[in-house]
Structure formats: C-alpha cells, structure tokens
Amino acid sequence: MRTRGTFCVAAALALSAAVGCTTGDTEDRARPSSPAASTPRTASPTATRAPVNPVSIPAMIQRDHTGSGLELGRVLTRTSAYTSYEVTFESDGLTISGLMNIPSGKGPFPALVLAHGYIGPEIYTTGRGLTREQDLLARNGYVVLHIDYRNHARSDKDPDNDVGLRLGYTEDVIGAAMALRSSGRPEIDTDRLGLLGRSMGGGVVYNTLVVAPGLFDAAVAYAPVSARPEENIDQFQRPEGDPLVAEIESAHGTPETNPRFWREVSPLTYVDRVTEPLLIHHGTTDTTCPIRWTHRTVTAFEKAGKDVELHTYRGEGHTFYSQWERSMDTTMAFFERNLR
C-alpha cells in the first residue's frame with residue numbers, strides 16, 4: 001500500500017507540472033530547465049509563463065489543500081451492522097456536512113469517501129444519493145463518509161462554485177480524505193482509503209486522482225460524466241437554456257475562443273499524474289452519460305500506462321437497477337484487493 005507521504009511529494013512537485021458538471025439524473029444531475037553550467041542567464045520577457053488561471057486543475061494542483069476537524073453529530077440510524085451519524089469537517093476553509101456509517105465491532109476499518117451525483121442543491125438533503133452503496137459498504141466492514149458538497153444541505157456556501165465549473169466539489173473530496181486521516185478516531189484505518197463516485201461524482205473522482213495522486217489507495221466511478229467539461233455543458237445545461245452557461249462563457253470563453261482554459265479544466269490533460277487503480281462501471285444503454293465518454297477516458301488512462309479497469313453492462317442504463325448487485329460484487333472485490 002502506498003505511504004501517505006506520496007500525496008505530500010505530489011503537492012511539492014506541483015509547480016513543475018504543466019469538472020464534472022451536471023447530469024440529467026435525479027439521483028445524481030515543462031520540465032524545469034537545467035541550471036546553467038557557467039554564468040547565469042537572464043530570462044527574457046518572452047520566456048515568462050502565463051499565470052495559472054485560478055479556475056483550473058493546475059491551480060488546484062498548486063494549492064495547499066486543507067481538511068480537518070471531523071466531528072460526529074447526532075445518530076441518524078442504528079442497525080446491528082453499523083451506526084450512521086451526521087458529521088461535519090473543514091475543507092478549503094469551509095464547513096462541509098455529510099453522514100458517516102461506522103461498522104459495528106472491532107476496528108480499525110478501511111474508509112471510503114462517497115461522492116454523489118447531481119441533485120439540485122435546493123432539494124438535496126444530507127446523505128441523499130448513493131444510499132444503497134452507503135448501506136451495503138458499511139455492512140461489509142467499511143467506514144463510509146458520504147459528503148454533501150459545498151452549497152448542499154448544511155455545508156457552507158461558495159457563491160463562485162458554479163461559474164468555477166464546480167471544481168470546489170473536488171476540494172471537498174480532498175478535504176474529506178484529509179479530515180478522515182487527521183481525525184484520530186480508532187475506528188478508521190488511515191492507511192486504507194478508497195473513493196467512490198457516481199455520475200457527476202465520477203467526474204469528481206477523475207479530478208481528485210489527477211489533483212492529489214496518492215491521497216487515495218483506489219477509486220471507483222459509476223456511470224461517470226465526461227472528462228471534458230464542455231461536453232457536460234452541451235449535454236445537460238445548454239439544451240435546458242441554463243443561464244449559467246452564459247455566465248461560464250462570459251467568464252472563461254468558449255472552447256473555440258479560449259481553448260487553453262478548457263484544456264486546463266479537463267482531467268484528461270493531466271492523466272499522467274494518476275497513481276491509483278481505477279475501476280469504472282458503465283451501462284451500454286446509458287443515455288444520460290453516453291458510454292463513449294468512458295471509452296475515451298479509459299483509452300487515455302491506458303495510453304498513459306495507468307491501472308484502469310472497465311466493466312460494461314449490456315442493456316443497463318444510468319441508474320444501475322437491474323445489474324447493481326453484480327456491479328457491487330465487483331466493486332467490493334476491487335476494494336478488497338486494494339484496501340484489505
């Protein structure tokens with residue numbers, strides 16, 4: 001298992017290194033130059049690199065991420081297999097809410113962070129989305145932290161998050177992992193940490209793997225959105241006349257007028273940074289998040305020599321009802337290999 005120092009090293013090297021949007025589903029919606037051998041050279045103005053856009057994956061790579069203060073609140077559910085609590089933690093200077101299922105019995109247990117798909121923040125309630133996974137994974141001996149994301153439930157507000165392509169959700173997943181590790185809770189094995197995301201949350205998984213390699217030990221994505229945020233906008237927001245599209249394009253330009261911006265918000269641009277094994281599940285008849293998106297992502301991972309595994313499900317749509325149990329058997333076997 002990778003040591004926790006991997007993440008620190010990755011962050012330290014960030015300066016020398018070069019979104020998931022919505023879904024339509026109600027459950028989810030240069031190398032540094034060598035020093036001169038003799039007299040130092042003065043850099044010419046043309047050699048100066050353009051500043052990093054604060055709304056970009058490079059900016060997230062360079063940022064000092066924070067996550068701490070995991071606190072358990074009231075009990076939501078108590079079963080013979082686990083107890084479910086309301087929780088809060090600090091992430092990127094914000095308080096993020098969520099729920100945590102802690103298995104019964106003697107720990108420490110490996111822990112999983114769950115990143116849900118799109119649900120309108122105005123109707124979202126704590127723990128909504130991934131409820132089947134929360135229960136099953138806890139019953140199989142995992143601490144499960146399902147986060148609400150900023151702007152959801154009792155989490156703090158971030159008014160710039162939507163125009164910022166919701167990259168803040170990735171910050172919240174990173175913060176959740178750091179909060180788990182620093183919590184000091186005896187139930188949590190801080191050396192065994194996994195990530196699971198669905199639909200929009202699958203896009204959050206991609207971002208997290210490239211921004212913070214070594215933070216998690218393994219990751220799973222279910223029916224993920226496109227790794228190119230402009231495709232998510234075209235699929236989900238533009239057809240509905242979402243006014244946010246005009247705000248995004250006013251702030252950042254379009255792929256035609258500002259291609260650099262759109263390259264720098266795609267995790268595919270930085271897939272060479274990934275260190276964790278990734279398992280992806282996708283149905284062949286998913287009309288919400290077309291499977292061609294996932295095929296392209298898998299190809300990028302494979303070309304970069306990364307450990308990626310794709311399972312497709314004939315006739316399965318976006319919600320994974322009929323073949324969910326089979327997919328979860330595969331998921332638990334994957335986590336068993338990588339976290340036990």
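Computation of the quantities below employed the complete heavy-atom set of this structure, encompassing side-chain atoms and omitting hydrogens, waters and symmetry-equivalent molecules.
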Would a 4.5 Å heavy-atom cut-off, applied to side chains only, mark Pro103 and Val143 as touching? yes

Will you find, in the side chains of Trp324 and Glu133, an N or O donor that is under 3.5 Å from an N or O acceptor? yes

Using the rule that two of Ile, Leu, Val, Met, Phe, Trp, Tyr join whenever any of their side-chain heavy atoms come within less than 4.5 Å, decide whether Leu167 and Leu244 are in one cluster. yes

Shortest non-hydrogen pair, Asp286 vs Ala223, comes out as OD2-CB, 3.6 Å

Go through the steps to decide whether Phe301 and Asp307 satisfy the test side chain to side chain contact (heavy atoms under 4.5 Å, CB included), and finish with yes or no. CA-CA 7 Å; Phe301 270 71; Asp307 185 352; over 6 Å; no

What I want to find out is whether Asp329 reaches Arg326 closely enough, with some N-O distance under 4.0 Å, to be called a salt bridge. no

Return yes if a side-chain donor-acceptor contact under 3.5 Å exists between Ser68 and Glu90, otherwise no. yes

Which atom of Ser97 lies closest to which atom of Ala153, heavy atoms considered: OG-CB, 4.0 Å

Under a single-linkage definition using a 4.5 Å side-chain heavy-atom cutoff for Ile, Leu, Val, Met, Phe, Trp and Tyr, are Val204 and Leu278 assigned to the same hydrophobic cluster? yes

Side-chain (Asn338) to main-chain (Phe334) donor-acceptor, under 3.5 angstrom: yes

Evaluation steps, salt bridge (Lys or Arg N to Asp or Glu O under 4.0 Å), between Arg228 and Glu230: CA-CA 6 Å; Arg228 292 177 176 168; Glu230 65 270 28; 5.2 Å; no

Using only heavy-atom distances, determine whether the side chains of Thr284 and Thr312 contain a donor-acceptor pair under 3.5 Å. no

As an exercise, state the distance from CG of Leu279 to CG of Leu310, rounded to the nearest 0.5 Å. 8.5 Å

Side chains of Glu316 and Ser322: any donor to acceptor distance under 3.5 Å? yes

Are Glu309 and Ile280 side-chain neighbours, meaning at least one heavy-atom pair lies under 4.5 Å? no

Look only at the side chain of Asn151 and the backbone of Asp158, and say whether a donor-acceptor pair between them is shorter than 3.5 Å. yes

More than 12 heavy atoms of other residues, nucleotides or ligands under 6.0 Å from CZ of Arg154: yes or no? yes

Co-membership, hydrophobic cluster, residues Ile291 and Tyr222, 4.5 Å side-chain: no

Ser226 side chain to Asn232 side chain, donor-acceptor N/O pair below 3.5 angstrom: no

Looking only at atom types and distance, does a side-chain atom of Ser84 sit under 3.5 Å from a main-chain N or O of Asn101, one as donor and one as acceptor? no

Do side-chain atoms of Asn53 reach the backbone of Ser56 as a donor and acceptor pair under 3.5 angstrom? no

Examine distances only and state if a side-chain atom of Gln134 and a backbone atom of Gly127 form a donor-acceptor pair shorter than 3.5 Å. yes

Is the shortest heavy-atom distance from the side chain of Thr208 to the side chain of Ile174 under 4.5 Å? yes

Would you verify whether the NZ or CZ of Arg340 falls within 45 degrees of the ring axis of Phe109 while also being under 6.0 Å from that six-membered ring's centre? no

Could you go step by step and tell me if Ile57 and Thr269 meet the side chain to side chain contact (heavy atoms under 4.5 Å, CB included) rule? CA-CA 9 Å; Ile57 288 177; Thr269 308; over 6 Å; no

Go through the side-chain N and O atoms of Thr294 and Thr297 and say whether any donor and acceptor fall under 3.5 Å apart. no

Gap between atom CD of Glu276 and atom CG of Leu215 - 0.5 Å precision: 7.5 Å

Would you find a donor on one side and an acceptor on the other, under 3.5 Å apart, between the side chain of Asp92 and the backbone of Leu94? no

Which atom names give the shortest non-hydrogen contact between Trp262 and Ile233, and what distance separates them? CH2-CD1, 3.7 Å

Are Met178 and Leu145 connected in the hydrophobic side-chain network, where two residues link if heavy atoms are under 4.5 Å apart? yes

With heavy-atom distances below 4.5 Å as the criterion, would you say the side chains of Val205 and Pro224 are in contact? no

Please evaluate residues Glu71 and Arg185 with respect to the criterion salt bridge (Lys or Arg N to Asp or Glu O under 4.0 Å), reporting the C-alpha separation (whole Å), side-chain torsions for both, the decisive distance (0.1 Å), and the verdict. CA-CA 10 Å; Glu71 294 187 6; Arg185 298 199 61 88; over 6 Å; no

Ignoring hydrogens and geometry, is there a side-chain-to-backbone donor-acceptor pair from Lys306 to Pro277 under 3.5 Å? no

Close side-chain approach of Asn207 to Met60, heavy-atom, < 4.5 Å: no

Verify, without hydrogens or angle tests, whether Asn140 (side chain) and Leu136 (backbone) share a donor-acceptor contact under 3.5 angstrom. yes

Ring centres of His152 and Tyr169 under 6.0 Å apart? yes

Walk me through whether Phe216 and Val113 qualify under side chain to side chain contact (heavy atoms under 4.5 Å, CB included). CA-CA 9 Å; Phe216 289 94; Val113 175; 3.8 Å; yes

Keeping the roles fixed (side chain from Thr126, backbone from Gly98), state whether a donor-acceptor pair exists under 3.5 Å. no

When you measure from the side chain of Thr254 to the backbone of Thr257, do you find a donor-acceptor pair of N or O atoms at a distance under 3.5 Å? yes

Less than 4.5 Å apart, any side-chain heavy atom of His281 and any of Thr330? yes

Nearest non-hydrogen partners of Met100 and Leu180, listed with the distance: CE-CD2, 3.6 Å

What I want to find out is whether Glu264 reaches Arg260 closely enough, with some N-O distance under 4.0 Å, to be called a salt bridge. yes

Rounded to the nearest 0.5 Å, how far apart are CZ of Arg181 and CG of Asp189? 11.0 Å

If hydrophobic clusters are built from ILVMFWY residues whose side chains come within less than 4.5 Å, do Ile248 and Met200 share one? yes

Quick one: are Leu112 and Arg192 in side-chain contact, heavy atoms under 4.5 Å? no

Looking only at side-chain N and O atoms, does Ser327 offer a donor or acceptor that is under 3.5 Å from a partner on His311? no

Nearest-0.5 Å distance that lies between atom NE2 in His252 and atom OG in Ser250: 9.5 Å

Between atom OG of Ser199 and atom CD1 of Ile119, what is the distance when rounded to the nearest 0.5 Å? 10.0 Å

Side-chain touch Arg296/Glu231, heavy atoms, less than 4.5 angstrom: yes

In short, Thr319 meets Arg198 closest at the heavy-atom pair CA-NH2, 3.3 Å

Is the shortest side-chain N to carboxylate O distance from Arg166 to Asp162 below 4.0 Å? yes

One should read off an interatomic distance between His318 NE2 and Thr287 OG1, to the nearest 0.5 angstrom, of 9.0 Å

For the residue pair Arg263 and Tyr270, what are the closest heavy atoms and their distance? O-CE1, 4.1 Å

Salt bridge (Lys or Arg N to Asp or Glu O under 4.0 Å) between Arg63 and Glu171, intermediate numbers included: CA-CA 10 Å; Arg63 192 168 299 145; Glu171 294 281 2; 2.3 Å; yes

Quick one: are the ring centres of His116 and Tyr149 less than 6.0 Å apart? yes

Test side chain to side chain contact (heavy atoms under 4.5 Å, CB included) on Tyr124 and Asp148; report intermediate values, then the result. CA-CA 8 Å; Tyr124 179 88; Asp148 291 335; 2.7 Å; yes

